[in-house]
Amino acid sequence: MALSKVKGIKISGVASVLPFHKEDNMQLSNLDLNQKEELIKHTGIRFRHVVKKKDQSIKILFEKAINKLLETLGWDKGSIDILLIVSQTVQSPIPSLACQIHGEMDFSSNVLAYDINSGCSGFVYGLHTASQLLSSLDQENKRAILCCGDISSHLTEESDMAVKPIFSDAVSAIGLEYDGNSESYFNLETFGKGQKAISLESNGTDNWMRMDGIDVFNYAVKYVPNNIKMLLNKYSNEEKTPKMYVLHQANLLINKSIMKAIGAEESKVPNTLYDYGNTASASIPITFSLNWDSKKSGWVLFSGFGVGFSVASALVKIEGIKIAEPQFINL
C-alpha cells in the first residue's frame, strides 16, 4: 500500500466541459428492448455525452475548461505554477498535450507542465502528484491546474456492447493552491495483473478499447473497498469523517457493491451515471461538482479505479470552493 500525507493543499475550484451531443442507450440498435432495459438497470447509464467529430482533439475541451476555471476563481494565468493533464486520448504524444496547451494559452515560462497517462483513477493520482509538486515549490504563493478527462468515444467500436453503452466524453479542470494549514491523505495502489481487464486492441488501422466486464467487477469489488478502508483506518477520526463519498462512476452495480462493502450511507454517495455515463478520470470532479454545496465545508472521500488495474483514494478537506456549472459545447 502507498499511504501518504500531503500538507497545505486546497482544492479551490472545479470547472467541467462536455460535448452537447447526447446519445440514449434506449436507442441502441444492436440490442432488443429487454436487453436495453436490463443494461440501464444494471449499469445505471441511460445517456452519454459524445463528441461527434472523429478528428476532434481533446485540447479544445481542456482549454475551455481551463478558461472557465480561471474565470470562476478570478485567477490570472500568470499566477499558475503547475499545469498537469491527465488523459489517455491525446491525439499526439509529442509534444505533450500540456506543452501544447501551455503554448496556445500563453502561460508563463515558469510553469511546470506535463502529461500523465492514466484512466479512471487519474483524478486522484493527478491530485496527489499536483499536491506533492505544489508543496515542494520554494515560494509563498503557489497555484496549480489539474486537468482530467478523455474522449472515450474515439476508442469505442460501434458494435461493442461491452464498451459503447458505458463510456462518455468529458473533461474537468481543477484549481489547487497552497494554504499552509490543511492536510490531505492518499492511498494509491496498482494491481498490474489486472491490466487486461481494460485494454487497447489494434487491427492495424484502428485502435479500440476492450473491456472484460466480469474482470472489472471482480477487481473493483475485491480491491477498492480495502483501499478505502485502509485510508480511513489510518487517517479518519471523528473530526475527519467524510460528509460525502465520491466514487468513480464505473457502473451502478460496481458502485453499489463498493458502497455496501465500506458501509457508506446511500445519501452520502452521489450518482451521476444516468445522465452522464462513465466519464473516465473526469467522473469524480463532475460528480462532486454536481452534488457538493459550495457554501459548506467538510471532509470528502474520493476514490478512482479502473484501467491498469489501478486504485486510488483520497481524503480531502473542502472549504471555500468555487464550482462552475458544467459547460456543454457543440463538437
Side-chain angles (χ1 to χ4, degrees), residues 11 14 16 18 42-45 48-49 86-89 116-129 146-150 152 163 165-172 174 186-191 194 197-198 209 211-213 215-232 242 244-262 264 266 268-292 300-316 326:
I11 299 179
V14 181
S16 300
L18 302 93
H42 288 100
T43 65
I45 299 169
R48 293 167 287 107
H49 289 267
V86 179
S87 183
Q88 295 191 312
T89 54
I116 298 175
N117 183 333
S118 187
C120 299
S121 64
F123 167 71
V124 180
Y125 267 92
L127 182 62
H128 181 266
T129 301
L146 168 64
C147 294
C148 305
D150 282 296
S152 298
V163 174
I166 305 298
F167 289 93
S168 194
D169 302 334
V171 305
S172 293
I174 300 93
F186 296 85
N187 189 13
L188 312 176
E189 295 184 293
T190 306
F191 303 93
I198 306 172
M209 178 165 51
M211 182 172 68
D212 185 323
D215 272 1
V216 172
F217 177 84
N218 288 338
Y219 273 98
V221 299
K222 181 178 181 179
Y223 295 117
V224 178
N226 288 337
N227 179 276
I228 294 172
K229 288 177 182 178
M230 282 192 290
L231 176 66
L232 294 178
M244 182 181 286
Y245 297 77
V246 187
L247 304 179
H248 162 58
Q249 300 295 285
N251 72 46
L252 190 60
L253 185 59
I254 288 175
N255 285 20
K256 280 191 171 182
S257 299
I258 293 170
M259 183 175 65
K260 182 178 179 180
I262 63 175
E266 187 173 353
K268 292 185 176 182
V269 188
N271 170 11
T272 56
L273 285 161
Y274 189 86
D275 289 312
Y276 293 89
N278 180 334
T279 52
S281 59
S283 79
I284 291 177
I286 287 174
T287 301
F288 168 75
S289 63
L290 288 170
N291 289 278
W292 183 260
V300 177
L301 185 287
F302 299 116
S303 186
F305 49 91
V307 60
F309 195 85
S310 175
V311 183
S313 299
L315 183 61
V316 180

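Predicted model, so just to flag it, every value in this text is computed and none were measured. Start at 1 with the first residue, then count along the sequence.
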> Which is it for L146 and S172 under the side chain to side chain contact (heavy atoms under 4.5 Å, CB included) test, yes or no, and what are the steps along the way?
Replying inline: CA-CA 8 Å; L146 168 64; S172 293; over 6 Å; no

> Would F302 and F288 count as a ring pair (Phe, Tyr, Trp, His ring centres under 6.0 Å) if you check the C-alpha gap in whole Å, the side-chain angles of each, and the deciding distance to 0.1 Å?
Replying inline: CA-CA 9 Å; F302 299 116; F288 168 75; 5.6 Å; yes

> How far does NZ of K256 sit from NE2 of H42, to the nearest 0.5 angstrom?
Replying inline: 10.0 Å

> How would you list, by chain and number, every residue that makes a ring pair (Phe, Tyr, Trp, His ring centres under 6.0 Å) with Y245, sequence neighbours excluded?
Replying inline: none

> Does the side chain to side chain contact (heavy atoms under 4.5 Å, CB included) test come out yes or no for F305 and V124, once each step is laid out?
Replying inline: CA-CA 9 Å; F305 49 91; V124 180; over 6 Å; no

>> Quick one, L252 and I45 - any side-chain contact, counting heavy atoms below 4.5 Å?
In response: no

>> Quick check: closest heavy atoms across V246 and P270, and the distance to 0.1 Å?
In response: CG2-CG, 4.5 Å

> Any side-chain heavy atom of I228 sitting closer than 4.5 Å to one from I258?
Replying inline: yes

> Side chains of L127 and I11: closer than 4.5 Å at any heavy-atom pair?
Replying inline: yes

> Considering all heavy atoms of both residues, which atom of P242 and which atom of L315 are nearest to each other, and what is their separation?
Replying inline: CG-CD1, 3.9 Å

>> How long is the straight-line distance from CG of L273 back to CD of Q249, given to the nearest 0.5 Å?
In response: 4.5 Å

>> Please find the pair of heavy atoms, one from C148 and one from A282, that lie closest to each other, and give the distance.
In response: O-CB, 3.8 Å

> Between atom CD1 of I284 and atom CZ of F123, what is the distance when rounded to the nearest 0.5 Å?
Replying inline: 6.5 Å

> Backbone N or O of L247 within a donor-acceptor pair of the S303 side chain at under 3.5 Å?
Replying inline: no

>> If I compare all heavy atoms of S121 with all of S118, which pair ends up nearest, and what's the gap?
In response: OG-OG, 3.7 Å

>> T279: which residues meet the side chain to side chain donor-acceptor pair (under 3.5 Å) condition with it, sequence neighbours left out?
In response: none

> Do the side-chain N and O atoms of S168 and H49 include a donor-acceptor pair separated by under 3.5 angstrom?
Replying inline: no

> Can you tell me how far CG of L231 sits from CG of L301, rounded to the nearest 0.5 angstrom?
Replying inline: 6.0 Å

> Below 4.5 Å, heavy atoms only, C-beta onward: do D169 and L18 meet side chain to side chain?
Replying inline: no

>> Can a donor-acceptor pair be found, under 3.5 Å and without considering hydrogens, that links the side chain of S310 to the backbone of G306?
In response: no

> Just how far is it from atom OH of Y276 to atom OG1 of T287, taken to the nearest 0.5 Å?
Replying inline: 9.0 Å

>> Taking the ring of F309 and the ring of Y223, is the distance between their centroids below 6.0 Å?
In response: no

> Is a side-chain N or O of N187 found less than 3.5 angstrom from the main chain of N227, in a donor-acceptor match?
Replying inline: yes

> Do the side chains of N255 and V269 get nearer than 4.5 Å, heavy atoms only?
Replying inline: no

> What are the two closest heavy atoms between I166 and A250, and how far apart are they?
Replying inline: CG2-O, 4.0 Å

> At what distance, to the nearest 0.5 angstrom, does CG of N271 lie from CG of N251?
Replying inline: 10.0 Å

>> Restricting to non-hydrogen atoms, name the atom on N226 and the atom on K222 that form the minimum distance, rounded to 0.1 Å.
In response: ND2-O, 3.3 Å

>> Applying side chain to side chain contact (heavy atoms under 4.5 Å, CB included) to Y125 and I116, what does each step give before you reach the verdict?
In response: CA-CA 9 Å; Y125 267 92; I116 298 175; 5.6 Å; no

>> If we ignore hydrogens and angles and just use 3.5 Å, is the side chain of S152 paired with the main-chain N or O of F167 as donor and acceptor?
In response: no

>> Less than 4.5 Å apart, side chain to side chain, heavy atoms only: is that true for K268 and M259?
In response: no

>> I want to check something: taking the side chain as every heavy atom from C-beta on, are V86 and C147 in contact at a cut-off of under 4.5 Å?
In response: no

>> Run the ring pair (Phe, Tyr, Trp, His ring centres under 6.0 Å) test against H128 and tell me which residues pass, sequence neighbours left out.
In response: F186

>> Within the 4.5 Å heavy-atom criterion, are N291 and T272 side-chain neighbours or not?
In response: yes

> Do we see a donor-acceptor contact under 3.5 Å between the side chains of D150 and Q88?
Replying inline: no

